[in-house]
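Each remark here refers to the structure printed beneath this line.
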Amino acid sequence: MAKRAEQVKSESRRGADIVDPEALASIYDEYHPLIYRYIYRQVGDSEAALDLAADVFRNLLATTRAGRGTPQHLSAWLYRVAHNAVIDYYRRQKLRRHLPLEDDLPAEESDPAHSAESNLAAAQVRAALSALSPDQRQVILLKFFEGCSNEEVAQVLAKPVGAVKSLQHRALAALHRALTAGRGRGSL
Amino acid sequence: MKSELTEVLDCALSRLAAGEAPADILAAYPRQAPALKPLLEAAQALEALRAVPMPPTQVLAARRQAFLAEAEQIRRRRSIRRPASAVSGWPIAGWERLMQAFGLSSRPFARLVATLVLAFGLVCTLGSVGLVAARHSLPGSPLYPVKLLSEEIGLSLTPDVTRKADMYLRLALERAQEMARLAQAGRTIDPVTLERMNARLDQALQLAAQLDDAHLSVWLGGAQRMLLDQARALQQVPPDAASSTRTFLEQAAARLEEAGRQAESGQQHPQRFRQQRSKGETADSTPPPATPALVNPPSEQPAPAPTLTEPTPSGALVTPQAPAVTPSPEPAGPRPQAGSPSQEPATAQPDQGIQAGAPGDEGNDRASGGDTDAGRASDQGHGSDAGKQEAGREADGGGKRQGR
C-alpha cells in the first residue's frame with residue numbers, strides 16, 4: 001500500500017512531463033494492463049476492451065494537449081475515464097442483452113469442459129454485474145479486482161468513504177439478487 | 001442496524017480477501033450471519049471474473065506502438081507550433097505548476113477565477129507603477145498627461161470645499177515646482193505650465209472665499225506660508241538659464257508673491273477678501289483660456305499686454321515695489337501707480353491697483369489664464385497695507401466703472 005501511495009504521489013510529477021516519450025511509455029506500461037482488465041471484466045470482450053483502453057489513453061493525451069493540465073491522481077483519473085468509457089460502451093450496445101462469446105481463452109486452459117464451465121460462470125457474473133448501477137459496479141470492480149482500499153475507491157468516485165461502504169453493501173445485495181434471478185432463469 | 005451491517009460486511013470482506021473461510025467469518029458475527037451470508041456468497045461468486053485472458057503479446061505491442069506514435073505526433077505538432085516554447089512558455093508552465101500545487105488544474109472554474117485574480121492584480125500593479133511614475137513626470141514627458149488626468153480625477157472625487165481648495169493650491173505649487181525643475185534641468189518652460197499654475201491658484205482662492213471666517217483665516221495662513229516659500233524658491237534661478245526661462249520663473253514667483261500677499265490681507269479682512277474674489281468672478285465669468293492675449297477684453301486691457309508666449313523680460317515686474325508706494329489714506333482719485341506708467345488711467349488708479357491686486361488681477365488671471373505684465377504692474381504698488389486696501393476697496397467700484 002505504501003508503494004501504491006508513493007506511486008500516486010509521483011504520478012503528478014510524471015504527469016507534468018507527459019509529453020516526454022519515456023515518461024509516457026512508463027505510464028502506459030504500468031497502467032494499461034490494469035485498465036484493460038478493469039474494462040474486460042465488465043465488457044467480456046477482448047477486442048472491445050482493447051479499444052476502450054486505447055480510448056482512455058487517447059483521452060489522457062487529449063487532456064494534456066488541451067492544456068487542461070495532467071491529472072493530479074493519475075490512477076484515479078484513468079479508472080474514472082475507463083468507467084465512463086464502459087458506460088458509453090453499454091449505451092452504444094443498449095438493449096443488447098446477449099452474453100459475449102469468449103474468444104480469448106486462457107492459454108493454460110486445457111480441459112474444454114472446465115473451460116466452458118468457467119466461461120459460463122464468468123458470463124453469468126458479468127451479466128449480473130451489468131444489472132448493477134454504474135457506481136455499484138465500479139465499487140465492486142475496484143475493491144475486489146483492483147485491490148483498492150475504501151479510501152482509494154472514494155477518491156475515484158469522488159465520494160466519502162462511508163458512501164463507498166454503503167455502495168459496497170448495496171452492490172453485493174443487488175449482485176446476489178441478480179445472480180439468484182439468473183440461476184432461476186437458467187434452471188427453467 | 002443497516003450501518004452496523006455495512007461495517008461488519010466491510011470487515012468480513014477484508015477477512016475473506018485475506019483467505020479466511022466464509023464459515024469462520026460468519027461464526028465470528030453470529031448476530032449478522034443471516035444477512036451476511038448472501039453477501040459473502042455474492043462476493044465469492046465474483047471470483048469467476050478473476051481470470052482475465054490477456055490478448056496476444058503482438059497485439060499488445062502493436063497497440064502500445066500506435067499509442068506512442070500518436071503521442072509523438074502531438075509532441076511534434078506542439079514543437080512546430082511553439083518553437084520558442086523554451087523561452088515564452090516558462091510563465092505558462094510556471095502558472096500550470098502553481099495551479100497543480102493548489103489542486104486547481106482539474107477545476108476549470110477555479111482556474112478561471114485564479115487567472116482573473118492574477119490579471120486584476122497585474123493591472124492594478126502596473127497601473128499603480130504608472131501613476132507613481134507619472135507623479136514625478138514633467139511637462140513634455142509622455143506620462144505628463146496621465147499626471148494631469150489623475151489630478152483632474154482627484155479633484156472631481158473631492159466634494160469638500162476646504163479639501164478641494166487645498167488640492168487646487170497644491171496643484172498650483174506643483175506647477176511652480178515643475179517649472180523650477182525644468183529650469184534646473186536646462187529645459188525650456190512651456191507657457192502653458194504657467195497658465196495652469198495661475199488657473200489653479202485662482203481656483204484655490206476662489207474656493208477658499210467660500211469658507212467661513214475661522215476656516216478662511218486658518219486656510220489663508222497656511223496658504224500664505226506655502227506661496228511665499230515657493231515664490232522664494234522660484235527666485236533661485238539657475239545662472240545659466242535662458243532668458244525666457246528666467247522670465248517665466250520671475251513671472252511665476254511674482255504671481256505667487258502676490259497671491260501670498262492676498263492671503264495675508266485676507267486673514268485680516270476676510271469679508272473684503274470674499275468681495276474681491278466675488279468681484280473677480282463677476283468681472284469675467286469665462287473659464288481660463290489657453291492664450292491670455294487672445295481673450296483679454298480690449299476694453300479692460302487696452303495696452304497690449306505681453307503674452308506668455310512672448311514674455312517681456314522685465315525684472316521690475318517681479319520685483320515688489322511696495323516701498324515705492326506709500327500707503328495712502330486717500331479714498332479715491334487717480335494717482336499714477338509706480339511700476340505701471342503705461343497703463344490706462346482706469347487701471348492705473350491707486351486704489352484700483354489694490355483692488356486690481358485682488359479682483360483686477362483675478363480678472364486678468366481668470367480671463368487671461370495668467371498674469372500679464374500690465375496686470376502685475378498694477379499690482380506691484382499696493383503691498384499689503386490694510387488701510388490702503390480698505391481705501392482701495394471703497395474706490396474700487398468707481399475706479400472699475402471709470403475704467404470701463
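Residue numbers start from 1 in every chain, and the chains themselves are labelled A, B, ... in the order their sequence lines are given, proteins ahead of strands. What's counted below: heavy atoms across the whole structure, side chains too, no hydrogens, waters or symmetry copies.
- Annotation for A/A122 and B/A48: closest pair CB-O, 3.5 Å, computed over non-hydrogen atoms.
- Annotation: side chain to side chain donor-acceptor pair (under 3.5 Å) contacts of A/Q168 (sequence neighbours excluded): A/K143, B/D10.
- Each side chain to side chain donor-acceptor pair (under 3.5 Å) pair with one or both residues in residues 43-64 of chain B, not counting sequence neighbours, appears once here: A/D29-B/R64, A/E47-B/R63, A/D51-B/R63, B/E47-B/R50.
- Among pairs with a residue in residues 122-137 of chain B, none fulfils side chain to side chain donor-acceptor pair (under 3.5 Å), at least two apart in sequence or across chains.
- When side chains are defined from C-beta on, B/L60 does not count as touching A/Y36, because their heavy atoms never get closer than 4.5 Å.
- The part of A/L129 that comes within reach of chain B is its side chain, from C-beta onward, which places non-hydrogen atoms under 4.5 angstrom from that chain.
- Inter-residue side-chain proximity for B/V52 and A/F145 is flagged as unmet; no heavy-atom pair is nearer than 4.5 Å.
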Pair B/L46-A/L175, side chain to side chain contact (heavy atoms under 4.5 Å, CB included): steps then yes or no:
CA-CA 9 Å; B/L46 286 169; A/L175 184 67; 3.6 Å; yes
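- The distance from the CG atom of B/L9 to the CZ atom of A/R170 is 12.0 Å, given to the nearest 0.5 Å.
- Counting heavy atoms from C-beta on, the side chains of B/F67 and A/L61 come closer than 4.5 Å.
- Of residues 162-182 of chain B, not one residue has a non-hydrogen atom less than 4.5 Å from any non-hydrogen atom of chain A.
- Neither the backbone nor the side chain of B/A17 has a heavy atom closer than 4.5 Å to any heavy atom of chain A.
- The contact between B/L68 and chain A is made entirely by side chain atoms (from C-beta outward), counting heavy-atom distances below 4.5 Å.
- Considering only heavy atoms from C-beta on, B/L40 stays 4.5 Å or farther from A/L172 through its side chain.
- With rounding to the nearest 0.5 angstrom, the CG atom of B/L39 is 5.0 Å from the NE2 atom of A/H169.
- The parts of A/A173 that come within reach of chain B are both its backbone and its side chain, each placing non-hydrogen atoms under 4.5 angstrom from that chain.
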